[in-house]
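The structure under discussion appears below in the form of structure tokens.
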Amino acid sequence: MVDHVVDNDFVDFIENIEPAGPSEPESTVSGEESEDLQDQEGSQSAAVQDFNAGKEESPLPKLNTFFRVCCKRNNNLSFECLLCKPKKTVLSTYITSHSNLRKHIKRVHPDKLYEFNELTTTRALKRSVDANADQPHGYNKQPKQLKQATLSWSKGSVKRPLLSKENLGRLTLNMVTESLLPMSFVEQPSFKELIHACQPGVELPTRYSITKGLEKRQEASMAAVKDAMAKVEWIATTTDCWSAHRRSYLGVTAHWLSAHSFNRESAALACQRIRGSHTYDRIAAHLKTVHSDYGINSKVVKITTDNGSNFIKAFSVFAPSEDELDVSVTDMNDIFSDKDESLELPSHQRCAAHSLKLVSTTDAAAEKDYQ
């Protein structure tokens with residue numbers, strides 16, 4: 001029988017061997033880096049905050065009537081809608097944006113949208129940020145300037161420009177002239193109420209100021225027409241008379257060719273009232289006055305009118321005849337009459353369209369009755 005000899009040193013080596021298993025490597029982090037890791041872990045654990053427990057104020061205190069902040073995770077905020085109670089509605093949004101909140105208000109509470117827009121303008125949000133700037137540890141990561149601007153069409157962000165007295169008078173005069181309104185329109189209570197509602201405190205135009213403004217515009221318009229007609233040699237005018245609401249009126253227009261481009265130009269010279277009946281002598285006097293006001297007495301070569309008897313007589317008396325001979329015969333009655341010798345009209349042209357109308361209506365009807 002063989003005796004086994006056991007080495008005592010080998011037995012001690014076997015007993016000191018640890019069982020096999022995963023082992024962690026030794027840490028090679030220095031003391032300073034270890035402190036940084038501990039601070040980072042502490043900040044991550046504090047990233048999620050309960051605003052109710054800590055009694056922190058909302059980063060958007062203007063919206064406290066709409067939402068309550070539930071928690072904050074880094075730069076993300078969770079809000080609970082107070083308008084949806086008792087139903088619990090939680091919305092998540094970025095710390096510098098309120099678009100998700102606005103979408104919720106617009107979709108679920110549209111009657112509160114205007115008030116929400118009023119509270120979320122750039123100026124209101126900036127005041128809200130400045131109020132929270134001295135918080136001890138709540139929102140130190142919030143940027144100093146908001147990146148999201150208020151939508152340009154939101155009612156709260158629109159700034160109405162101040163309307164001066166001059167601009168209001170000019171706009172009112174445009175409305176009066178283009179709509180053919182009476183001057184007394186500016187004295188109507190409804191007009192005053194409208195202007196004060198749009199621009200409180202502005203001085204309203206008066207009937208006198210509107211009348212003066214209209215006179216200035218008339219003078220400027222006449223000056224422009226005079227300047228245009230002064231550059232041409234020949235001008236033709238048209239005229240007509242009519243009655244409305246027991247009043248008689250005379251209208252005169254001028255037509256000419258441009259001196260450089262030969263384009264046809266026209267302008268309204270007058271639309272004035274004739275007091276009394278529009279007889280031939282009054283028509284002739286008004287035509288002479290209109291031509292004199294624009295300085296075109298010597299430039300008018302023809303005046304076109306309809307076939308009215310008053311026009312026919314006016315030109316037969318005060319206009320020279322085209323087939324007139326050099327020998328003139330003077331009636332003794334004209335010498336002792338009150339006829340104005342200085343009143344002279346240009347030659348007359350009857351309107352062809354009006355003549356054709358008379359042929360197709362009056363003459364045709366007379367021929368039918370004759371047959």
Side-chain angles (χ1 to χ4, degrees), residues 222 225-226 228-230 232-257 264-371:
M222 288 185 63
V225 174
K226 287 181 180 180
M229 292 191 299
V232 297
E233 297 182 10
W234 301 286
I235 299 174
T237 61
T238 63
T239 184
D240 192 14
C241 286
W242 67 92
S243 298
H245 304 289
R246 298 181 180 180
R247 295 182 179 182
S248 301
Y249 298 91
L250 174 73
V252 182
T253 60
H255 310 270
W256 67 92
L257 294 178
R264 289 187 296 178
E265 305 288 343
S266 61
L269 302 185
C271 180
Q272 55 188 227
R273 181 183 175 186
I274 300 179
R275 297 189 177 276
S277 301
H278 39 85
T279 58
Y280 76 98
D281 53 342
R282 289 179 178 174
I283 290 177
H286 279 277
L287 285 175
K288 184 69 174 182
T289 302
V290 172
H291 291 170
S292 299
D293 291 341
Y294 287 89
I296 58 175
N297 280 318
S298 60
K299 295 184 177 184
V300 178
V301 293
K302 287 285 185 180
I303 299 182
T304 303
T305 69
D306 58 15
N307 293 275
S309 59
N310 48 2
F311 284 114
I312 301 300
K313 186 173 182 179
F315 285 96
S316 64
V317 174
F318 298 104
S321 177
E322 294 182 355
D323 55 353
E324 188 177 48
L325 299 177
D326 295 336
V327 179
S328 60
V329 179
T330 303
D331 190 356
M332 295 299 296
N333 294 327
D334 294 338
I335 296 176
F336 296 101
S337 65
D338 295 333
K339 176 182 176 181
D340 188 2
E341 295 293 342
S342 63
L343 185 57
E344 183 177 350
L345 298 178
S347 60
H348 182 224
Q349 176 66 46
R350 299 191 184 191
C351 178
H354 189 258
S355 299
L356 291 176
K357 179 183 178 183
L358 293 178
V359 171
S360 61
T361 56
T362 306
D363 294 348
E367 181 67 20
K368 183 177 179 180
D369 295 339
Y370 176 77
Q371 293 178 356

| request: Would you check if the side chain of K226 reaches a backbone N or O of D293 as a donor-acceptor pair within less than 3.5 Å? | output: yes
| query | Who pairs with D306 by side chain to side chain donor-acceptor pair (under 3.5 Å), at least two apart in sequence or on another chain? | reply | none
Side-chain polar contacts of residues 352-359 - donor-acceptor pairs under 3.5 angstrom, sequence neighbours left out - could you list them?
| from | atom 1 | to | atom 2 | distance (Å) |
| --- | --- | --- | --- | --- |
| H354 | ND1 | N307 | N | 3.3 |
| H354 | ND1 | N307 | ND2 | 2.8 |
| S355 | OG | N307 | ND2 | 3.3 |
| S355 | OG | C351 | O | 3.0 |

| said: Treating Y280 as the side-chain partner and I312 as the backbone partner, does any N or O pair qualify as donor plus acceptor under 3.5 Å? | reply: no
| task | Could you pull out the closest heavy-atom pair between G251 and W242, with the gap in Å? | result | N-CZ3, 3.6 Å
| message | Just verifying a value: how many Å separate K299 NZ and W234 CH2, rounded to the nearest 0.5 Å? | response | 11.0 Å
| field | Least distance between heavy atoms, W256 atom then A228 atom | value | CZ2-CB, 4.0 Å
| said: Which residues pass the side chain to side chain contact (heavy atoms under 4.5 Å, CB included) test with T253, not counting sequence neighbours? | reply: T238, H255
| task | Quick one: pull up CG in N310 and CZ in F315 and give me the separation to the nearest 0.5 Å. | result | 10.0 Å
| Does S347 reach the main-chain N or O of V301 with its side chain, forming a donor-acceptor pair under 3.5 Å? | yes
| request: Calculate, to the nearest 0.5 Å, the distance between atoms CD1 and CD belonging to I235 and E265 respectively. | output: 11.5 Å
| message | Please enumerate all residues that pass side chain to side chain contact (heavy atoms under 4.5 Å, CB included) together with T279, with sequence neighbours excluded. | response | S277, D281, R282
| message | If I compare all heavy atoms of Y294 with all of L269, which pair ends up nearest, and what's the gap? | response | OH-O, 2.9 Å
| task | Identify the heavy atoms of I274 and C241 that sit nearest to each other, and give their distance. | result | CD1-SG, 4.0 Å
| task | Verify the neighbour count for atom CZ of R273: are there more than 12 heavy atoms of other residues, nucleotides or ligands below 6.0 Å? | result | yes
| Euclidean distance, K288 NZ relative to L343 CG, rounded to 0.5 Å | 6.5 Å
| remark: When rounded to the nearest 0.5 Å, the distance separating CZ of F318 from OG of S316 is 9.0 Å
| said: Once rounded to the nearest 0.5 Å, what's the spacing between atom NE2 of H291 and atom OG of S298? | reply: 11.5 Å
| remark: Sorted by chain and residue number, the side chain to side chain contact (heavy atoms under 4.5 Å, CB included) partners of T239 (sequence neighbours excluded) come out as L250, V252, L287, I303, T305, F311
| said: I'd like to check the side chain to side chain contact (heavy atoms under 4.5 Å, CB included) partners of A236; sequence neighbours left out, ordered by chain and number. | reply: none
| query | If you look at every heavy atom in S248 and G276, which pair is closest and at what distance? | reply | OG-O, 3.6 Å
